[in-house]
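Each chain gets a letter, A, B and so on, in the order the sequences are listed, and its residues count up from 1.
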2 protein chains.
Amino acid sequence: MTRRVTSFDVAARAGVSQSAVSRVFSGASASKATADRVREAADALGYRPNVLARSLITGRSRIIGLVVAYLGNPFYPDALERFSRDLQDEGYHTLVFTVPEGAADTDTDRIIQQMLDHQVDGIVLASVGLGDALAARCEAAGIPVVLFNRGQVGSGLAQVTSANRLGGAKVADFLVAGGHTRIGHVAGWQGSSTGRDRTEGFVARLAELGQDCVGVEDGRYDHAEAVRATDDLLAKGVDALFVGNDHMAFAVMDHLRCTLGLSVPNDVSVVGYDDVPMAAFAAYDLTTVRQPVGRMVKTTVAALINQIEDKSAQAEVTEIDGPLILRGSARIPEGLQ
Amino acid sequence: MTRRVTSFDVAARAGVSQSAVSRVFSGASASKATADRVREAADALGYRPNVLARSLITGRSRIIGLVVAYLGNPFYPDALERFSRDLQDEGYHTLVFTVPEGAADTDTDRIIQQMLDHQVDGIVLASVGLGDALAARCEAAGIPVVLFNRGQVGSGLAQVTSANRLGGAKVADFLVAGGHTRIGHVAGWQGSSTGRDRTEGFVARLAELGQDCVGVEDGRYDHAEAVRATDDLLAKGVDALFVGNDHMAFAVMDHLRCTLGLSVPNDVSVVGYDDVPMAAFAAYDLTTVRQPVGRMVKTTVAALINQIEDKSAQAEVTEIDGPLILRGSARIPEGLQ
DNA sequence: CGTAATTTTGCACACCTATGCAAAGCCTCG
DNA sequence: CGAGGCTTTGCATAGGTGTGCAAAATTACG
């Protein structure tokens, strides 16, 4: 194990000063002649700038902290992959922290603290909230935070979500147009903004259309809870279910078909939310509201980088609209067929 | 945005030298009296050691680089989550790089290079190989590499896989015991050790049992390819299929049932490999060989840390056995029922 | 109480790069 | 050819911590 080769070594070989080497590699101005000689010497010695030293002095690590929960829901691996790629394209790297299932707030706090220790240039919280105290700490440290797929009113944080209320409303329109009259809702976790917004938009639109939602049960984004909720709603005689995300919808469909022997969509229509890749699998063929992950991620990255480069930039709140994808898990209205 | 508080600030407030502060926070020897005063001052000022400066001088970043591909296969998000958690428990953090679908080797090379730039203390490659040149570079830089779910003979790298040959053999035993006589194989990508090993173990055991595999088609761990392979094998009249991983098995089952209208397992038995959570979903209820992710990840982390802390440690090759999980996608032999 | 052994502490430097500043070099134009 | 403007270069220092070394303080022991 040999000693690392430093900018001094390169400088010596190229017959210039260390600062010349630094300037060449940090893109500052340098004459073509010296630049060439420096590069040649660097190649010969196998020199690469020490990222740590560079970060220490510039105060910028070019690392983004990404906190993600619910990795069992395929929506998030997909998002994670895109974050990693898009950030890489922008010259950033991704320090990933996962939040365990029964995540206490103190867990999140500790994670954020560790990110601050690592001098990350920015933080993305995917479906994870942030306490006011910590938000203030990030603010003080000048580290921008963007919430992905989660809102937090009054936090002053930038956030990117899909148009959840509108999405819920679209489902209401669709199910009513399909002639359903006893519509139930296995809600996304009501402790999350996404869950609440989808529910709100759905129930409100149903009311506008002159229907009462037969029942709303919190499925907490969990398989077992979703199944329990489904049983409760079936007892009320529903003929259609709007489920708060695809991940739960699969559990609901399995339960309806395989455990109870019901037919989807003949006995019960099921509509999900997210349009994860599995929703298109023939076994489920799930009608669902698409969350445009690609655009959501790109928007998040853009907002983050914007705030990093321009500290005075406003924290924007963005909602991205996504279409309802018609498949076979719910009765399709005549007109749309 | 205030200036960071440094160890000098703490030292001044506590009335000691900067090195005393350093020693308290790096766990070196210090008298109880000064340690208490330092901690008190640090708390009052909100001091936290600068990780970058610390890494710069110690040469250890406490960051592990994790390269992962195939995030669309739920096996890997699961592994990723466990890596993140287990490494966190050991005081390490995880820098994640994803390799895009059509990953050229140059992509991987560039990623490894970037990891070296970041002074990672170790590297985990999940289902990704490593060229000899780069392996040598890591070796020279004193950075241990462990392959996860992938072998590479002659590389001299540590690796952790499941007992793939044995697993393939178990499937052969099971299908033959189930009375199948025309058995086909949608293989895992034959460019990967896991794919080859499973195929090898499977075909060899079939031969021992006096059967020829009706056909072997490379599914390349890809949905569309797996479907194409299935069609080819069906044309040869198979009554059972061993599919190289669960992810492809789902596509195969969807194709058999929904496109072709065949019954699984009555017309064709299907067996997968991995036992991802979805395999237990009622819609698939897939018989499959379990890869014990938890143990595989823990073993990988242990091997990595062992090599980090003891540079002379041997690079171990570990295979972890996993059981065949009996479910409803394949005919179950009388005796086992 | 004196001396030796041990622990604790401070000093100074190392880690490696970026950058402000002033000097030196170059070019332009009258 | 000379003055003025612009670019390039080197010097020196900062960024925040860990650590070897020697001095100081403490303890142990005869």
* Residues two or more places apart in sequence or in another chain: which of them pass salt bridge (charged side-chain N to carboxylate O under 4.0 Å, His left out) with A:Arg295? -> none
What does the list of N/O pairs under 3.5 Å between the protein and nucleotides 26-28 of chain D look like, with a distance for each?
none

* Within this structure, what is the NZ-to-P distance between B:Lys32 and C:dT7, rounded to whole angstrom? -> 19 Å
* Asked: Which pairs count as salt bridge (charged side-chain N to carboxylate O under 4.0 Å, His left out) when at least one residue sits in residues 296-309 of chain A, sequence neighbours excluded?
  -> A:Asp86-A:Lys298
* To do: Only counting residues at least two apart or in another chain, list the ones meeting side chain to side chain donor-acceptor pair (under 3.5 Å) with B:Glu319.
  => none
* Asked: Any salt bridge (charged side-chain N to carboxylate O under 4.0 Å, His left out) pairs touching residues 44-70 of chain A, not counting sequence neighbours?
  -> A:Arg48-B:Asp117
* Asked: Along nucleotides 13-18 of chain D, 5' to 3', which nucleotides get a B, which get an S, and which get a -, given that the test is a protein heavy-atom distance under 4.0 Å?
  -> -BBBBB
Donor-acceptor pairs are to be reported for all side-chain atoms of residues 147-158 of chain A against protein atoms at under 3.5 Å, with residues two or more places apart or in another chain.
unit_1: A:Asn149; atom_1: ND2; unit_2: A:Tyr76; atom_2: OH; d: 3.0
unit_1: A:Gln152; atom_1: OE1; unit_2: A:Leu130; atom_2: N; d: 3.2
unit_1: A:Gln152; atom_1: NE2; unit_2: A:Leu130; atom_2: O; d: 2.7
unit_1: A:Ser155; atom_1: OG; unit_2: A:Gln152; atom_2: O; d: 2.7
unit_1: A:Ser155; atom_1: OG; unit_2: A:Leu157; atom_2: N; d: 3.2

* To do: Just call it for A:Ser55: base, sugar-phosphate, or nothing, with non-hydrogen atoms closer than 4.0 Å on any strand.
  => nothing
* Asked: Any salt bridge (charged side-chain N to carboxylate O under 4.0 Å, His left out) pairs touching residues 20-39 of chain B, not counting sequence neighbours?
  -> B:Lys32-B:Asp36
* Assess whether side-chain contact (heavy atoms from CB on, under 4.5 Å) is satisfied between B:Thr108 and B:Val128, documenting all intermediate values. => CA-CA 8 Å; B:Thr108 312; B:Val128 169; 3.8 Å; yes
* Please list all pairs passing the ring pair (Phe, Tyr, Trp, His ring centres under 6.0 Å) test where one or both residues lie in residues 19-60 of chain B, with sequence neighbours left out. => B:Phe25-B:Tyr47
* **ring pair (Phe, Tyr, Trp, His ring centres under 6.0 Å) contacts touching residues 116-143 of chain A (sequence neighbours left out)** => A:His118-B:His93
* Sugar-phosphate means primed atoms, P, OP1 and OP2; the rest is base. With that split, encode nucleotides 23-28 of chain C 5' to 3' as B, S or - using protein heavy atoms under 4.0 Å. => ------
* To do: Would you mind listing every salt bridge (charged side-chain N to carboxylate O under 4.0 Å, His left out) that reaches into residues 70-80 of chain B, with sequence neighbours excluded?
  => B:Asp78-B:Arg82
